[in-house]
K.L.:
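Structure incoming, see below.
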Amino acid sequence: HLPTLKLTWNKRFFHNMLSWLKITVVQRSSVRMAVGSRLISSVATAGDDKDKMSFIDKAKAYGANALLGLYTHRGDRFDTCLKSMKVDKIGDGIVTCSLPVDRHLQNAYTTLHGGAICTIVDVVGTLALLSIDASRPGVSVDLNVNFISAAKAGEDVVIEGIVLKSGRRLGFSQVEI
C-alpha cells in the first residue's frame with residue numbers, strides 16, 4: 001500500500017512530485033497520485049506488458065481477439081473477482097464466456113452472489129461492445145438485472161453477451177447467464 005499524501009496545490013511542488021514519481025516508480029508496479037478524487041498522474045514501470053493491462057486497454061491495443069482465454073484484469077481493481085472467467089468466443093457483437101461458481105463469488109446460501117452477477121453483466125456487456133469496436137468501450141449508464149434462478153457452488157455458468165445496438169453515443173447489450 002502506498003502512503004496517503006496530503007497535497008496543497010502548488011505548480012512547482014506538483015512538478016517536483018512528478019519527477020519523484022518517475023524516479024521511484026522502478027520499485028513499484030504502479031504509482032498513482034490523486035488530489036481529491038481526481039487522478040492526476042499514472043506512471044507504470046517499464047516491465048508492464050499486455051498481461052498487466054486492463055481488458056479495455058488490451059482490446060484497444062491488440063483488438064478484441066486478444067481477449068480470448070482467461071479474463072484479463074489488472075489485479076488491483078474490482079473486476080479481479082472475475083479472475084476465473086474464461087472468454088471462449090468473441091466477435092461480431094457476440095461474446096461467450098464461462099465461469100465456475102467459486103467460493104469468492106458465492107453468497108451466504110453458496111450460490112452465485114447478486115453483486116457478482118451484476119459485475120458479470122457489466123463486464124460481459126462491455127466485452128460484447130468491444131467486439132464491434134475495440135476503441136469504444138464506454139461506461140455503463142443503466143443496468144437492469146432480473147434474477148430467474150440461482151447458480152450453485154461448483155457449477156460452471158455460461159455467459160453470453162450480445163450487442164443489441166451500437167450508436168454514436170450509446171451502446172445497448174443484453175447478457176444472459
K.L.:
Would you say that C118 contacts L143 through its side chain, given a criterion of any heavy-atom pair below 4.5 Å between the two side chains?
P.N.:
yes
K.L.:
Before giving the answer on side chain to side chain donor-acceptor pair (under 3.5 Å), spell out for K60 and S135 the whole-Å C-alpha distance, their side-chain angles and the decisive distance to 0.1 Å.
P.N.:
CA-CA 5 Å; K60 283 180 181 178; S135 68; over 6 Å; no
K.L.:
Kindly indicate whether the side chain of Q106, heavy atoms from C-beta on, has any atom under 4.5 Å from the side chain of H104.
P.N.:
no
K.L.:
Got a second to check how far L127's CG is from I56's CD1, nearest 0.5 Å?
P.N.:
8.5 Å
K.L.:
Does the pair S98 and D88 meet the rule for a side chain to side chain donor-acceptor pair (under 3.5 Å), with working shown?
P.N.:
CA-CA 7 Å; S98 55; D88 300 315; 3.1 Å; yes
K.L.:
Does a sphere of radius 6.0 Å around CZ in F147 hold more than 12 heavy atoms from other residues, nucleotides or ligands, not counting ones at 6.0 Å or beyond?
P.N.:
yes
K.L.:
Which atom names give the shortest non-hydrogen contact between S84 and P100, and what distance separates them?
P.N.:
O-CD, 3.5 Å
K.L.:
Assess whether atom CD of E155 is packed by more than 12 heavy atoms of other residues, nucleotides or ligands within 6.0 Å.
P.N.:
yes
K.L.:
Which heavy atom of L130 sits nearest a heavy atom of A64, and at what distance?
P.N.:
O-CB, 3.7 Å
K.L.:
Sort out for me which residue in I117, V123, I177 forms a side-chain contact (heavy atoms from CB on, under 4.5 Å) with I159.
P.N.:
I177
K.L.:
Check whether more than 12 heavy atoms from other residues, nucleotides or ligands sit under 6.0 Å from atom CG of D92, and answer yes or no.
P.N.:
no
K.L.:
Would you say the side-chain atoms of T119 and D122 include a donor-acceptor pair closer than 3.5 Å?
P.N.:
no
K.L.:
Does D156 reach the side chain of L99, with side-chain heavy atoms less than 4.5 Å apart?
P.N.:
no
K.L.:
Between E160 and T96, which heavy-atom pair has the shortest distance, and what is it?
P.N.:
OE2-OG1, 4.2 Å
